[in-house]
Amino acid sequence: AIYADTEKDKQQAVYILCILNTSQIYGDCLLSFYFECGINVYVTKKGELIHMVKSVAAPQAKGKSAEDKIFGANNRAVALTEKLGADKVINGTVGSLLDEDGNLVMLDVVQKAYKALTPKEIVAYAPIQGYPDYLEAAIDQCFGESRPDGYIRACATSGGSGVLHHVIHNYSEWGDDILTSDWHWGAYGSMCHDNGRNLREFNLLTDDGKFNFQSFKEHVSAMVAKQYNTVIIMNSPANNPTGFGLSDSEWDQVLSFLKDVVKGQDKNIIFVSDVAYLDYSGEKHECRKFFKKFGNMPDNVFIIVAYTCSKGFTMYGQRMGAMIGITQNKDIADEFVAINQYTSRATWSNSNSAAMKVMANICKDPAKVAELDAERAKYFHLIQERADLFMKEADECGLKYLRYISGFFITIPLIGAQKVCDELEKENIFLVPLEKGIRLAVCSVSKKKIQGLAAKIKATFDAVGVQQ
């Protein structure tokens, strides 16, 4: 509590308390202090006042910020492109599919399906769970020929992000750890923190580029020992940001361990398979074979697939996805629908009617599905050609990158990513700085612009004195 005669005296007292708390801390990091009197103070660890603001937010909401490095870099790239022209700028930040001319791709079959919608299909309220034909189409599009055995239920969500939100909200407790790999999409952390959970990380890769099962095993075992539910998010195949994916034998090892680690215990594993980039991870049927392994799991290993229409149907901004639960227990399947429908109603209510109808209408027509498959295959091969070109030139100039198999992104590991990205932006090259590397979106950079890019990045490393 702070007692002062005036608001000015109160602010000065708050600032002095902040300085006292930072006097033994060194460095330039920003610290935030929140006081019950409603004042937020931002200072550096050196005790330098950044600013002091009045706040009326609840304690758990104070200090939240929506700043995003990906969108920030993209916004700068777009602004410079408008000024100089597209040929003068390399924008490797965009997590969307762009063609060789730099145009955002919307699959032709999807465009035609949108234009064929009736007014009712566009504007009607959809059922909270989602249209039945959409849910069945989502299950079929997700699993293909590798549909796992068991009770399979689906709920419409606001993109794949909605799946992750619901899993964190409904299958973990306040203060729980949520496990994912050290190389992951940054929004995982925001979703956990906004729900009062902690994001915990295992090491995804060994030094020779294989799945680090030992690190995974150690973290899962520690979590099972202290939590009722252990929620795990595994982004494979085509991991964002690395392009890595588990092999068949690695999937077998992971699933066998998950069954054993909770065997005979009143503990549960909630395993989330985030397959956002599934449709650009390989041949249609081959890349889906691992799904078959998700069947016949014990009741206390519940698998939820985070499916999205953003990439496979190029409906990024329509925010359409589905959470798909797989279990041998009908009670668990029914509960899955009930609790997640409830949370949808309590969060965004119902989902995008037009997007669901577009997807369902395409999937009802075998000819349209064939057209869809052909377009996806075309762009999958284009992305692979871009990635192969970059990796070939990176090998030639000695630029290291993490093991890439498929997907939208390649990651270049290093410490000091922001410094390198700042220098690259001076050359009109925009990439995404990560904590331990730089992300390049091969989904959105043409082969013409990929050519020579690895050498430019390597030269910048050398110029700023950064080593991998």
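Fair warning: this is a prediction, and the values are worked out from it, not measured in the lab.
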Query raised in the report: What are the two closest heavy atoms between Gln451 and Leu389, and how far apart are they?
Result: N-CD2, 4.1 Å

Report task. Could you tell me which non-hydrogen atom of Ser273 sits nearest to which non-hydrogen atom of Ser236, and how far apart they are? Result -> OG-O, 4.2 Å

Query - Lys NZ or Arg CZ of Arg376 over Phe313 ring: under 6.0 Å, within 45° - result: yes

Requested in this report: Can you spot which of Asp252, Val220, Ile269 makes a side chain to side chain contact (heavy atoms under 4.5 Å, CB included) with Phe257?
Outcome: Val220

Query raised in the report: Would Tyr277 and Phe409 count as a close aromatic pair, with their ring centres under 6.0 Å?
Result: yes

Query raised in the report: Do the ring planes of Phe211 and Phe213 sit parallel (below 30°), tilted (30 to 60°) or perpendicular (above 60°)?
Result: tilted

Query raised in the report: Going by the angle between their ring planes, with limits at 30° and 60°, are Phe408 and Tyr280 parallel, tilted or perpendicular?
Result: tilted

Between [X] and [Y], does any side-chain donor sit less than 3.5 Å from a side-chain acceptor?
| X | Y | result |
| --- | --- | --- |
| Asn170 | Asn340 | yes |
| Asp274 | Tyr188 | yes |
| Ser172 | Arg197 | yes |
| Asn195 | His169 | yes |
| Asp176 | Asn198 | no |

Query raised in the report: So, Glu145 and Lys292, do they make that salt bridge, N to O below 4.0 Å?
Result: no

